[in-house]
Number of protein chains: 2
Amino acid sequence: MAQYSRARLDASFAALSDATRRGVLEQLGRSDASITALADKFHMTLTGMKKHVGVLEQAGLVATEKVGRVRTCRLGPRRLEEEVEWLERYRQLWDTRFDELDHVVAELKQREMLSPPKKRK
Amino acid sequence: MAQYSRARLDASFAALSDATRRGVLEQLGRSDASITALADKFHMTLTGMKKHVGVLEQAGLVATEKVGRVRTCRLGPRRLEEEVEWLERYRQLWDTRFDELDHVVAELKQREMLSPPKKRK
DNA sequence: AGAATACTGAGCCATATGGTTCAGTATCTA
DNA sequence: TAGATACTGAACCATATGGCTCAGTATTCT
């Protein structure tokens, strides 16, 4: 499960690290769209957009279906739950470290009061 | 601000897209560490780890300070707030789309009831 | 049927990434 | 002072990424 999650986080964070792809997700959040429509909206060739959609699809963030000659893209099955979880856990760690730092600072101040420091160099 | 945020999200999601770097962040959440200590822990050369730390530092996720010959790494100033915000907003979009889909399904079912298909039932 | 549309796939190009080695420099420690 | 330690920087390597063009195929429109 750790392995599984690792690859999953790798893929989704990588997918999210490109502004165009984030834009595509936001667009698909508003309405489904064809590859051509997305390519137009993001000022890019059809082929270029197809690659981006491929990356998003690989990461499970987009699902596509071809009907006739049009491939329609919509938001995929993943809700980025694990990703949010990871971030939340990180923030928790961060806050804890920050509190510790606060504590150290407070301790230093207290020591300073007890025995004032000598001249700094 | 949109521009600024775009580059920032690009950098932090890219930084998070590597399992080693996520591991480094988790480690630093537990305690500060030197480059050597991190390199050992993640079975990698010093130089390799230095690159990872550089990426994290560039993204503002890690801060380092060199004292004597040792460079100590600790969690950086950023708490990934914008990143969490982006993800939450995405999930909201996703939920909305899902609800719409639900609605469509409900509508279809209702129509089915009004004019039932001949064959079944 | 013929033309336009929508995608697909191969492949090119420049740059970035994740790792390495090797050769330093700076700083401890005995 | 000599040697070990900790980092630094350059350079190499293989692969991935983000774009592109070009040449298709399949579908739809007139």
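To find a chain, count down the sequence lines: A is the first, B the second, and so on, and within it residues start at 1.
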Salt bridge or not for Arg71(B) and Glu65(B), using N-O below 4.0 Å?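 Between Glu65(B) and Arg71(B) there is no salt bridge, as every charged N stays at least 4.0 Å from the carboxylate O atoms.
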Using 0.5 Å steps for rounding, measure from the [atom1] atom of [X] to the [atom2] atom of [Y].
X        : Y        : atom1 : atom2 : answer
Leu87(B) : Glu88(A) : CG    : CD    : 9.0 Å
Leu93(A) : Arg79(B) : CG    : CZ    : 11.5 Å
Glu83(A) : Glu83(B) : CD    : CD    : 13.5 Å
Arg30(B) : Glu26(B) : CZ    : CD    : 6.5 Å

Tell me which residues in [range] put a heavy atom below 4.0 Å from DNA chain C, sorted by number, or none.
range                     : result
residues 44-52 of chain B : Met44(B), Thr45(B), Thr47(B), Gly48(B), Lys51(B), His52(B)
residues 11-22 of chain A : none
residues 54-73 of chain B : Gly68(B), Arg69(B)

Above 12 or not: heavy atoms from other molecules or residues under 6.0 Å from CD of Gln92(A)?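 Atom CD in Gln92(A) is not crowded, with 12 or fewer foreign heavy atoms closer than 6.0 Å.
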What class does the angle between the rings of Phe13(B) and Phe13(A) fall in, given that below 30° is parallel, 30 to 60° is tilted and above 60° is perpendicular?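 Because their plane-to-plane angle is under 30°, the rings of Phe13(B) and Phe13(A) count as parallel.
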Does Met44(B) reach the side chain of His52(B), with side-chain heavy atoms less than 4.5 Å apart?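 Yes; the side chains approach each other to less than 4.5 Å.
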On a heavy-atom basis, which atom in Ile35(A) and which in Met49(A) lie closest, and how many Å separate them?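 Looking at all heavy atoms of both residues, the closest pair is O-CG, 3.9 Å.
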Keeping Trp86(B) on the side-chain end and Leu16(A) on the backbone end, is there a donor-acceptor pair under 3.5 Å?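 Looks like no, no N/O pair under 3.5 Å.
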Starting at atom CZ of Phe42(B), determine the distance to atom C1' of dG19(C), rounded to an integer number of angstrom.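 Whole-Å distance recorded here is 16 Å.
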Can you work out whether Ile35(B) or His43(A) has the more 5'-proximal nearest nucleotide on DNA chain D?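 The 5'-side residue here is Ile35(B).
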